[in-house]
Amino acid sequence: IEQLKLAQDQLVESEKMAALGGLVAGVAHEINTPLGIGVTAASHLDGETRRLAKRLEEGTTTREEIAAYQRQAQEATEIILRNLRRADKLVKSFKQVAVDQSSEQRRTLDLCAYLEDVLTSLAPALKRGRHAIEVRCPAPVSVETYPGAIYQIVVNLVMNSVTHAFPGGEQGRITIDVARRDAEIELDYRDNGRGMTDEVRRRAFEPFFTTRRGQGGSGLGMHIVYNLSTQVLRGRTQIESAPGKGFRFVLRFPA
């Protein structure tokens, strides 16, 4: 039993590190796009600046050429700034969730803003399936908690939906509602996917249980969600699902 427990713990840690590795690859791919656009715009601006400088030295430039250069410089600057800000947002989001995932420290955070950072880091996976995801908060929710646990829970839920809820390239919708209920925080996660049978729902939290045996499923995703929810966050969980009725996961933990 001790050996099995040790093996299970090692597999859970491996799963967490694999998720972090996938996050690194996804964010690196995502950052390439705005950086590539920025480099192209900067190269174009550099070429036009050199061309205008040469014309000025020769004394052959015209008012129309200067006006055209001004327009091009303004457009190129806007493109560069817009894409650098996008890359900066991705890097900041990645830095925060990467640090949180690899540490078990408590800190105070705005849960709604933090979840937006988590979803930014998941953008590559969601974009491939063209899935829509939304965080809904009626008011800011400040809480002192373990952000690494929050990150791992949300990532596993989202990837579970992407993998199991929307087969055959279906476009899905995911919502995450966050609210304070007296002395508790409630995180209500839903997707509009194909749902679960009663048997799958009952066994969802079991370690190594998966409906994709031999297809890349480890059966540890929801088990990790349960362990983090109950042991780290000291919360309680609830699953609601039925075939064709989507999936709902509710987590309540002390504020």
Side-chain angles (χ1 to χ4, degrees), residues 18-103 107-142 147 150-151 154-155 158-159 162 166 169-176 178:
L20 183 58
L23 174 64
V24 171
V27 171
H29 174 76
E30 196 73 5
I31 288 174
N32 276 339
T33 301
L35 289 183
I37 294 171
V39 168
T40 301
S43 297
H44 175 71
L45 181 59
D46 179 61
E48 289 300 308
T49 302
R50 291 175 184 274
R51 188 181 67 81
L52 182 64
K54 184 177 180 181
R55 297 276 287 175
L56 286 169
E57 286 179 7
E58 295 171 350
T60 57
T61 187
T62 63
R63 186 180 297 272
E64 289 77 13
E65 284 181 319
I66 294 175
Y69 173 79
Q70 284 181 316
R71 289 194 301 271
Q72 290 179 344
Q74 185 173 359
E75 290 173 2
T77 302
E78 289 174 356
I79 291 171
I80 293 166
L81 286 175
R82 184 168 61 248
N83 283 277
L84 285 178
R85 289 190 188 108
R86 182 181 167 198
D88 180 60
K89 181 182 178 182
L90 283 166
V91 170
K92 286 179 178 176
S93 298
F94 166 67
K95 280 176 63 180
Q96 189 59 69
V97 297
V99 168
D100 288 335
Q101 189 186 4
S102 60
S103 71
R107 68 180 175 90
T108 301
L109 53 84
D110 179 343
L111 187 54
C112 302
Y114 182 69
L115 289 176
E116 292 288 355
D117 283 342
V118 174
L119 297 187
T120 298
S121 72
L122 285 171
L126 293 167
K127 187 180 293 183
R128 282 196 296 272
R130 294 174 295 172
H131 303 302
I133 187 163
E134 180 184 7
V135 175
R136 301 188 296 206
C137 297
V141 177
S142 179
I150 298 289
Y151 169 81
V154 173
V155 167
V158 171
M159 297 313 298
V162 170
F166 311 119
E170 295 175 13
Q171 294 182 39
R173 178 170 179 77
I174 298 168
T175 58
I176 305 175
V178 180

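The figures that follow rest on heavy atoms only: side chains count, while hydrogens, waters and symmetry mates do not.
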Just to verify, what does [X] make a side chain to side chain contact (heavy atoms under 4.5 Å, CB included) with, not counting sequence neighbours?
X: Thr49; result: Leu45, Tyr69
X: Ile37; result: Thr33, Ile79, Asn83
X: Cys112; result: Asp110, Cys137, Val141, Val178

Ignoring hydrogens and geometry, is there a side-chain-to-backbone donor-acceptor pair from Tyr114 to Leu109 under 3.5 Å? no
Roughly how far apart are [X] [atom1] and [Y] [atom2], rounded to 0.5 Å?
X: Leu115; Y: Ile150; atom1: CG; atom2: CD1; value: 7.0 Å
X: Ile80; Y: Glu75; atom1: CD1; atom2: CD; value: 12.0 Å
X: Asp117; Y: Leu122; atom1: CG; atom2: CG; value: 11.0 Å
X: Arg50; Y: Leu52; atom1: CZ; atom2: CG; value: 13.0 Å
X: Leu111; Y: Glu116; atom1: CG; atom2: CD; value: 10.5 Å

Review point. Charged N to carboxylate O under 4.0 angstrom, Glu57 versus Lys54?
Key: no
Check the pair Glu134, Leu119 against side chain to side chain contact (heavy atoms under 4.5 Å, CB included), reporting the backbone distance first and the verdict last. CA-CA 9 Å; Glu134 180 184 7; Leu119 297 187; over 6 Å; no
If I compare all heavy atoms of Gly172 with all of His131, which pair ends up nearest, and what's the gap?
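Here Gly172 and His131 meet closest at N-ND1, 2.9 Å.
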| task | Please report the closest heavy-atom contact between Thr60 and Glu65, naming both atoms and the distance. | result |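 That closest heavy-atom pairing would be O-OE1, 4.0 Å.
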How about CD on Gln74, more than 12 heavy atoms from neighbouring residues, nucleotides or ligands closer than 6.0 Å, or not? no
